[in-house]
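For the numbers below, each heavy atom of this structure counts, side chains included, while hydrogens, waters and symmetry mates do not.
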Amino acid sequence: MSTSAGLKTALKLLLAGFALTSALCCLGVGMVGHLVDTKAPPVEPGLPPSADVVDLGLVLIPADTSPSRALTYDWNTEGLRPPGSRLGYGLGELLDAWLEDQHKVLGRRLRYRSLGQERFTYQPPSGCSADMRCIYEELMRGNAGPVEALGERFMVTIRERGLDSQQAARLILGFVQRIQYEVPTDEPFGIIPPALVPSRNRGDCDSKALLAVMLLRQVGIEAVMLYSDPLAHAAVGVGLPGAGTRLRHGGRSYQYAEVTAEGWPPGMIPPKYDKPRLWRVMPLDAVTSG
């Protein structure tokens with residue numbers, strides 16, 4: 001998808017302060033996996049208020065975006081009172097197109113090529129290892145602004161409700177789980193950019209996991225990407241105490257958190273993925289150079 005000179009100029013003004021940088025990435029063959037999706041689609045805006053739901057508000061980027069472009073998500077978080085939360089999120093048409101275009105530009109730069117059946121190759125620059133780390137880091141940098149605007153709503157409600165770290169993590173993970181699971185068949189590297197995942201209500205395991213990592217970090221919770229190429233799956237590692245499956249890296253222990261289906265509590269790993277030796281911990285560094 002090409003972008004006209006006028007569109008580029010407008011978006012540079014629109015995205016002032018957003019980190020839309022282009023990092024160089026790694027070589028390898030990537031795969032994505034999935035669990036059975038058990039979720040209903042999110043409700044549309046305009047539902048009446050409820051005593052059992054805390055409304056986190058409506059995030060529109062930029063602020064003059066039509067509310068008709070927003071999707072509204074309702075989800076429950078075990079252990080919270082009230083258990084229900086509601087959040088609206090929408091991107092303007094220009095911003096949505098810009099983020100999509102940048103993702104395709106990255107694919108062309110790295111000579112992304114689909115091999116079919118959710119496999120692909122790409123050409124790395126020097127300094128990148130043969131895994132998805134650099135791709136994830138680039139997407140974190142390039143989508144930082146919109147995701148941070150979304151994360152602000154979580155920060156406000158966490159502070160106002162006096163939630164502890166465990167409760168905050170479950171709130172964010174529940175939101176990401178609520179987003180519909182869908183394998184992207186037409187996206188470079190088999191991943192949807194994190195800012196587009198909630199605006200389009202779709203994403204596969206690593207698309208959703210990357211969004212969750214960014215939101216958790218923003219509210220002060222240590223989080224890493226968990227990735228298994230042999231198992232064709234990705235998840236989140238949460239740096240909080242807790243029972244269940246944990247993976248270690250660099251002297252730290254991370255609790256496994258599934259994001260592809262609703263209702264999976266932190267620490268519970270689906271049996272088919274319960275093979276710790278086949279998992280890698282990716283801390284990810286999204287600091288923009290220069």
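- At a threshold of 4.5 Å between non-hydrogen side-chain atoms, the residues His233 and Thr260 count as touching.
- A 4.5 Å side-chain heavy-atom check between Leu60 and Leu91 finds every atom pair outside the cut-off.
- Hydrophobic clustering, with ILVMFWY side chains joined whenever heavy atoms are under 4.5 angstrom apart, groups Leu278 together with Val281.
- Using bins of under 30°, 30° to 60° and over 60° for the plane-to-plane angle, the ring pair Phe189/His103 lands in the tilted bin.
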Original post:
How far apart are the C-alpha atoms of Val236 and Tyr254, what are their side-chain angles, what is the distance that settles it, and do they pass the side chain to side chain contact (heavy atoms under 4.5 Å, CB included) test?
Top reply: CA-CA 9 Å; Val236 176; Tyr254 299 94; over 6 Å; no

**OP:** Test Glu138 against Arg133 for salt bridge (charged side-chain N to carboxylate O under 4.0 Å, His left out), laying out the working first.
**Re:** CA-CA 9 Å; Glu138 163 60 13; Arg133 180 191 305 268; over 6 Å; no

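- Using a 4.5 Å heavy-atom cutoff, the side chains of Val238 and Ile221 are in contact.
- One finds the CZ atom of Arg109 at 8.0 Å from the CD atom of Gln102 (value rounded to the nearest 0.5 Å).
- The minimum heavy-atom distance linking Ala235 with Ala257 is given by the pair CB-O, 3.4 Å.
- A donor-acceptor pair is defined here as one N or O able to donate and one able to accept, closer than 3.5 Å; such a pair exists between the side chain of Trp279 and the backbone of Tyr273.
- Taking the side chain as every heavy atom from C-beta outward, Ser85 and Val53 never approach each other to under 4.5 Å.
- Residues Leu139 and Pro194 form a side-chain contact, since some pair of their non-hydrogen atoms from C-beta on lies under 4.5 Å apart.
- The shortest heavy-atom contact between Asn143 and Leu196 is OD1-N, 4.5 Å.
- Counting only distance, with no hydrogens or angles, the side chain of Thr77 and the backbone of Leu80 share no donor-acceptor pair below 3.5 Å.
- For Ser114, the side-chain contact (heavy atoms from CB on, under 4.5 Å) test picks out Tyr112, with sequence neighbours left out.
- Note that OG1 of Thr157 and CG of Asp55 are 9.0 Å apart. Values are rounded to the nearest 0.5 Å.
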Original post:
Can you check side chain to side chain contact (heavy atoms under 4.5 Å, CB included) on Arg170 and Gln166, steps first, answer last?
Top reply: CA-CA 6 Å; Arg170 290 197 298 270; Gln166 298 281 0; 3.9 Å; yes

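- Side-chain atoms of Asp52 do not come within 3.5 Å of backbone N or O of Pro82 as any donor-acceptor pair.
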**OP:** Kindly indicate, with the supporting measurements, whether the criterion salt bridge (charged side-chain N to carboxylate O under 4.0 Å, His left out) is fulfilled by Glu262 and Arg178.
**Re:** CA-CA 6 Å; Glu262 262 184 296; Arg178 189 72 174 91; 3.7 Å; yes

**OP:** For salt bridge (charged side-chain N to carboxylate O under 4.0 Å, His left out), just list the numbers for Asp229 and Arg280, CA-CA rounded to whole Å, side-chain angles, deciding distance to a tenth of an Å, and then say yes or no.
**Re:** CA-CA 9 Å; Asp229 193 67; Arg280 292 191 58 195; over 6 Å; no

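- Taking each heavy atom of Gly190 and Ser207 in turn, the nearest pair found is O-OG, 4.5 Å.
- Minimum interatomic distance between Ala169 and Leu216 (heavy atoms only, all atoms of both residues): CA-CD2, 3.8 Å.
- Ion pairing of Glu182 with Lys208 is absent here, as no side-chain N (NZ or NE/NH1/NH2) approaches a carboxylate O to less than 4.0 Å.
- Going from atom CD of Gln218 over to atom CG of Leu150 covers 8.0 Å, rounded to the nearest 0.5 Å.
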**OP:** May I have the step-by-step check of side-chain hydrogen bond (donor to acceptor under 3.5 Å, both in side chains) for Ser165 and Gln167, ending in yes or no?
**Re:** CA-CA 5 Å; Ser165 295; Gln167 293 171 321; over 6 Å; no

Subject >> salt bridge (charged side-chain N to carboxylate O under 4.0 Å, His left out) assessment of Asp74 paired with Arg86 >> reply: CA-CA 5 Å; Asp74 276 6; Arg86 176 174 298 151; 2.7 Å; yes

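- In terms of heavy atoms, Arg69 sits closest to Asp96 at NH2-CB, 4.0 Å.
- A distance of 10.0 Å separates CD1 in Ile158 from CG in Asp164, rounded to the nearest 0.5 Å.
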Original post:
Given Val259 and Trp264, is the side chain to side chain contact (heavy atoms under 4.5 Å, CB included) satisfied, shown in steps?
Top reply: CA-CA 8 Å; Val259 292; Trp264 286 90; over 6 Å; no

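- A distance-only check finds no donor-acceptor pair linking the side chain of Glu258 to the backbone of Pro270 [under 3.5 Å].
- Within 6.0 Å of CE in Met268 there are 12 or fewer heavy atoms belonging to other residues, nucleotides or ligands.
- In this structure, CG in Leu215 is found 11.5 Å from CZ in Arg217, a value given to the nearest 0.5 Å.
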**OP:** Test side chain to side chain contact (heavy atoms under 4.5 Å, CB included) on Lys104 and Glu187 and set out the steps.
**Re:** CA-CA 8 Å; Lys104 286 179 166 54; Glu187 296 285 350; 4.2 Å; yes

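- For the atom pair CG of Leu110 and OG1 of Thr121, the computed distance is 11.0 Å after rounding to the nearest 0.5 Å.
- Residues that satisfy the side-chain contact (heavy atoms from CB on, under 4.5 Å) test with Asp186, not counting sequence neighbours, are Arg202.
- At a threshold of 4.5 Å between non-hydrogen side-chain atoms, the residues Leu71 and Tyr89 do not count as touching.
- Proximity of Met282 to Val224: side-chain heavy atoms (C-beta onward) are nowhere separated by under 4.5 Å.
- With hydrophobic clusters built from ILVMFWY side chains whose heavy atoms lie under 4.5 angstrom apart, Leu58 does not share a cluster with Met155.
- Side chains of Tyr181 and Asp204: a donor-acceptor N/O pair is absent below 3.5 angstrom, by distance only.
- With a 4.5 Å cut-off on side-chain heavy atoms, Ile191 and Tyr136 count as touching.
- Between Phe154 and Phe175, the gap from one ring centroid to the other is short of 6.0 Å.
- Closest of all the heavy-atom pairs between Pro266 and Leu173 is CG-CD1, 3.8 Å.
- In this structure Asp274 satisfies the side-chain contact (heavy atoms from CB on, under 4.5 Å) test together with Thr245, Ile269, Pro276, sequence neighbours excluded.
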